[in-house]
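The next block holds one structure in the form of structure tokens; read it before the comments.
Chain naming here is simple, since letters A, B, ... match the order of the sequence lines and numbering starts at 1 in each. The structure displayed is predicted, hence computed values, not measured ones.
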2 protein chains.
Amino acid sequence: MIELSKAEFEVLDALWLSYPATASQIIERLSDEKQWHEKTIKTLLGRLVKKGALSFEKDGRQYIYTPCMERAEYTLKESQNFIERFFSGRIAPLVSGFAKSEQLSQQDINELKKVIDDWEKQQK
Amino acid sequence: MIELSKAEFEVLDALWLSYPATASQIIERLSDEKQWHEKTIKTLLGRLVKKGALSFEKDGRQYIYTPCMERAEYTLKESQNFIERFFSGRIAPLVSGFAKSEQLSQQDINELKKVIDDWEKQQK
DNA sequence: AAGTTAAGATTACACCTGTAATCATTTTTT
DNA sequence: AAAAAATGATTACAGGTGTAATCTTAACTT
């Protein structure tokens, strides 16, 4: 699995919003939430390319970046990894921890029920 | 939140199995799964103490370590953090990602149902 | 009591990370 | 055409991380 740092992920996430995109578009998107210097983002883009998380094409003097994988694919792998490390691969204990500490809303419960419902329909 | 590295967490996890415990007990417990040098584990114990994740008492020339927090408390915080970063704080999309990629077993589903059930009983 | 261990403390060192600044080069402006 | 600006490339640098080796000292052996 490609290992991304927090900051790298945030840059990739800004690209996932819509791609392909240029560095300046990505910088623009990130400008609201983060106070990163433009140079910082460029560095992170370079590291993402080096790690194989992004590819790019040249367009004049600019690069046009595209993610090498989908967000869902990446977050699934990260999730599996996380659940393996902290909960021996079982997902229920994670949810249960949230429930016990009153972190679940009725909406979360409804959404979870729907996921279970869909899963069961899928099975039959 | 105390930030622990992967390796640090694994050492703490070995202590959570049963504590208080000495360094050599922890080293013994880890010897099956990891091929870490004893010195490596000592280093990690030191870093855990420095980060405030462990406390210790002296007993002759040994230290007897105790975690400063419970496992459930730590994993809950890590989980919240994780879900915030990757799923904007919503838990269902994580579970849904697992479902879509066929990572859920009937047992997982049963466990999840039970969590939901318990939550609902709690509410009324 | 002297020598040997074994515990923790200190030091090591390369790679990763956050966070840019500077350099080189190519476009734009003027 | 010369100057200015904007791009990506290279360099920087401190703190974290994995993975120990070496140093110091207190405790156990003989």
Side-chain angles (χ1 to χ4, degrees), chain A residues 1-15 19-67 74 78 81-82 85-86, chain B residues 1-15 19-67 74 78 81-82 85-86:
Chain A
M1 188 176 62
I2 297 182
E3 296 266 358
L4 304 182
S5 77
K6 278 187 181 192
E8 285 158 4
F9 174 78
E10 293 191 64
V11 170
L12 179 51
D13 215 13
L15 178 57
Y19 56 86
T22 63
S24 29
Q25 289 174 318
I26 296 170
I27 290 166
E28 173 58 28
R29 286 175 203 168
L30 287 166
S31 68
D32 298 335
E33 354 219 329
K34 315 295 293 183
Q35 14 286 310
W36 280 335
H37 195 283
E38 163 224 356
K39 300 295 188 185
T40 299
I41 297 173
K42 295 265 180 86
T43 297
L44 293 169
L45 283 170
R47 290 180 185 171
L48 284 164
V49 168
K50 193 169 170 194
K51 288 186 177 185
L54 299 185
S55 65
F56 63 87
E57 278 182 33
K58 287 199 179 178
D59 173 36
R61 70 169 150 176
Q62 293 191 126
Y63 287 178
I64 301 189
Y65 297 94
T66 307
Y74 180 77
E78 280 297 318
N81 206 285
F82 180 86
R85 293 196 323 113
F86 292 104
Chain B
M1 188 174 64
I2 297 182
E3 296 266 358
L4 304 182
S5 77
K6 278 186 180 192
E8 284 160 4
F9 173 78
E10 293 191 64
V11 171
L12 179 50
D13 214 14
L15 178 57
Y19 55 84
T22 63
S24 29
Q25 289 174 319
I26 295 170
I27 290 166
E28 173 58 27
R29 286 175 202 169
L30 286 167
S31 68
D32 298 334
E33 356 221 327
K34 314 294 292 183
Q35 12 286 311
W36 280 333
H37 195 285
E38 162 223 355
K39 299 296 187 185
T40 300
I41 297 174
K42 296 265 180 86
T43 296
L44 293 169
L45 283 170
R47 289 181 185 170
L48 283 163
V49 168
K50 193 169 170 193
K51 288 187 177 186
L54 299 185
S55 64
F56 62 87
E57 278 183 34
K58 288 198 181 181
D59 173 36
R61 67 172 151 176
Q62 295 191 124
Y63 287 177
I64 301 189
Y65 297 94
T66 307
Y74 179 76
E78 280 297 317
N81 206 285
F82 180 86
R85 293 197 321 115
F86 292 103

What residues 19-35 of chain B contributes to the DNA chain C interface at heavy-atom separation below 4.0 Å is Ala23(B)

Separation of dG15(D) atom P from Lys50(B) atom NZ, nearest Å, is 11 Å

The reported gap from CD1 in Ile41(B) to CD in Glu28(B) (rounded to nearest 0.5 angstrom) is 10.0 Å

Residue set satisfying ring pair (Phe, Tyr, Trp, His ring centres under 6.0 Å) with Phe82(A), at least two apart, ordered chain then number -> Phe86(A), Phe82(B)

(Q) Below the 4.0 Å mark, does dT19(D) have OP1 or OP2 next to a side-chain nitrogen or oxygen of Trp36(B)? (A) yes

Base, sugar-phosphate, or nothing: which does Thr40(A) touch, judged by heavy atoms less than 4.0 Å apart? base

Going 5' to 3' through nucleotides 21-30 of chain D and flagging B where a protein heavy-atom sits under 4.0 Å of the base, S where only the sugar-phosphate is that close, and - otherwise, we get BB---BS---

To the nearest angstrom, the CG-P distance between Leu45(A) and dT7(D) comes to 12 Å

So side chain to side chain donor-acceptor pair (under 3.5 Å) across residues 41-53 of chain A, not counting sequence neighbours, yields Glu8(A)-Lys51(A), Glu38(A)-Lys42(A)

> Is the backbone N or O of Thr22(B) less than 3.5 Å from a side-chain atom of Gln25(B), with the two atoms forming a donor-acceptor pair by type?
Replying inline: yes

Quick one: is dT17(D) close enough that its OP1 or OP2 comes under 4.0 Å of any side-chain N or O from Lys51(B)? yes

The residue, Gln62(B) or Ser5(A), whose nearest nucleotide of DNA chain C is more 5′ is Gln62(B)

Leu48(B) atom CG is separated from dT17(D) atom C1', nearest whole Å, by 12 Å

CG (Asp13(A)) and CZ (Arg29(A)) are apart, to the nearest 0.5 Å, by 11.0 Å

Arg47(A) (side chain) and dT10(D) (base): donor-acceptor pair under 3.5 Å:
no

Across all chains, not counting sequence neighbours, the side chain to side chain donor-acceptor pair (under 3.5 Å) partners of Ser55(A) are none

*asked:* Is any side-chain heavy atom of Leu45(B) closer than 4.5 Å to one of Phe56(B)?
replied: no

Tyr63(A) atom OH is separated from dA6(D) atom P, nearest whole Å, by 19 Å

Heavy-atom side-chain proximity of Lys58(A) to Tyr63(A) below 4.5 angstrom: yes

Distance col, row Phe9(A):CZ vs Leu48(A):CG, nearest 0.5 angstrom, shows 11.0 Å

Here the gap from Leu44(A) atom CG to Ile26(A) atom CD1, rounded to the nearest 0.5 Å, amounts to 10.5 Å

Rounded to the nearest 0.5 angstrom, the CD-CZ distance for Glu78(B) and Arg85(A) is 7.5 Å

With a 4.0 Å cut-off (strictly under) to non-hydrogen atoms of chain A, the first and last hit nts on DNA chain C, 5' to 3', are dT17(C) to dT27(C)

In whole angstroms, the gap separating P of dG8(D) from NZ of Lys58(A) amounts to 10 Å

To the nearest angstrom, the CD-C1' distance between Glu10(B) and dG18(D) comes to 12 Å

